[in-house]
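Just the heavy atoms: all of them, side chains too, but no hydrogens, waters or symmetry mates, feed the values below.
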Amino acid sequence: MGKTYERIDGRLRAFIEAQPVFFTATAPLAGDGTVNLSPKGLAGSFAVLDERTVAYLDFAGSNAETVAHLRENGRITLMWCAFQGPPNIVRVHGRGEPVFRDDARWAELIGHFGGIDPEPHGLRAIIVVRAELVRDTCGYGVPFMSYDAERDLHERRFARENDASLSTYFAGKEHIASSIDGLPGLPLPLPPLPRTGQ
């Protein structure tokens with residue numbers, strides 16, 4: 001039933017780009033470390049960069065487990081499920097890294113996300129993932145569910161913040177600068193968000 005792919009293109013690419021939500025899984029190297037699994041949404045915040053590389057925008061939140069795990073070991077799996085249409089699950093297993101606001105690659109990378117205004121969401125990093133294994137499975141056990149609309153709560157909450165107040169917010173959270181297991185997380189204070197055209 002499952003198939004392994006050499007690249008992310010054609011119907012495979014169309015499938016993952018059409019899904020309104022995907023999931024990320026990471027873990028520290030320590031055997032007793034905390035495995036993290038996160039849902040990701042917000043239309044326009046995911047992009048296929050080339051046939052083996054994808055990226056997504058990492059927005060403000062109450063922890064930074066994915067960032068911390070990627071900084072330690074780079075291992076990540078992304079997963080998309082078909083909640084409508086033919087059953088399908090696609091996984092991209094690979095190596096990822098967080099690209100922070102002061103990275104020289106930022107300007108080029110942010111250009112891939114023209115479908116969303118990242119500023120109101122407290123953008124803190126761009127997660128870039130290089131695929132090592134791409135595969136799909138049947139998804140027969142995934143239920144049908146309808147997609148109604150994007151939530152506007154994230155934008156409404158973080159649009160009130162600027163770079164300085166975001167840094168203060170993050171500093172007040174227990175698991176932003178370090179993970180649940182004490183790994184280095186988001187570097188603080190945040191560098192200023194580069195403006196378009198700079």
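- Arg157 is linked by a salt bridge (charged side-chain N to carboxylate O under 4.0 Å, His left out) to Glu161, counting only residues two or more places apart in sequence or in another chain.
- Here Phe144 sits alone; no ILVMFWY side chain lies under 4.5 Å from its own, so it joins no hydrophobic cluster.
- Every residue meeting the side-chain contact (heavy atoms from CB on, under 4.5 Å) condition with Asp163, not counting sequence neighbours, appears here in chain and number order: Arg101, Pro192, Leu193, Arg195.
- Listed by chain and residue number, Asp152 satisfy the salt bridge (charged side-chain N to carboxylate O under 4.0 Å, His left out) test with Arg156 (two or more places apart in sequence, or in another chain).
- Applying the side-chain contact (heavy atoms from CB on, under 4.5 Å) test to Asn36 and every residue at least two apart in sequence or in another chain returns Thr26, Ser38, Glu65, Thr66, His69.
- The salt bridge (Lys or Arg N to Asp or Glu O under 4.0 Å) analysis of residues 122-132, with sequence neighbours excluded, yields the pairs Asp50-Arg130, Asp58-Arg124, Arg95-Glu132.
- Note that CD1 of Ile116 and CD1 of Ile110 are 9.5 Å apart. Values are rounded to the nearest 0.5 Å.
- The salt bridge (charged side-chain N to carboxylate O under 4.0 Å, His left out) search around Arg75 returns none, not counting sequence neighbours.
- For Arg91, there are no salt bridge (charged side-chain N to carboxylate O under 4.0 Å, His left out) partners, not counting sequence neighbours.
- Take Leu109 and apply the side-chain contact (heavy atoms from CB on, under 4.5 Å) test, not counting sequence neighbours, and it matches Leu49, Val99, Arg105, Ile126, Val128.
- Summarising the hydrophobic clusters (Ile, Leu, Val, Met, Phe, Trp, Tyr; side-chain heavy atoms under 4.5 Å, direct or chained), the residues clustered with Ile89 are Val21, Phe23, Leu37, Met79, Phe83, Val142, Met145.
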Residues 178-191, side-chain donor-acceptor partners within the protein, below 3.5 Å, at least two apart:
unit_1, atom_1, unit_2, atom_2, d
Ser179, OG, Asp181, N, 3.2
Ser179, OG, Gly182, N, 3.3
Ser179, OG, Leu183, N, 3.0
Asp181, OD1, Thr34, OG1, 3.2
Asp181, OD2, Thr34, N, 2.7
Asp181, OD2, Thr34, OG1, 3.4

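- Contacts classified as side-chain hydrogen bond (donor to acceptor under 3.5 Å, both in side chains) and involving residues 77-87 (residues at least two apart or in different chains) are given here: Thr77-His93.
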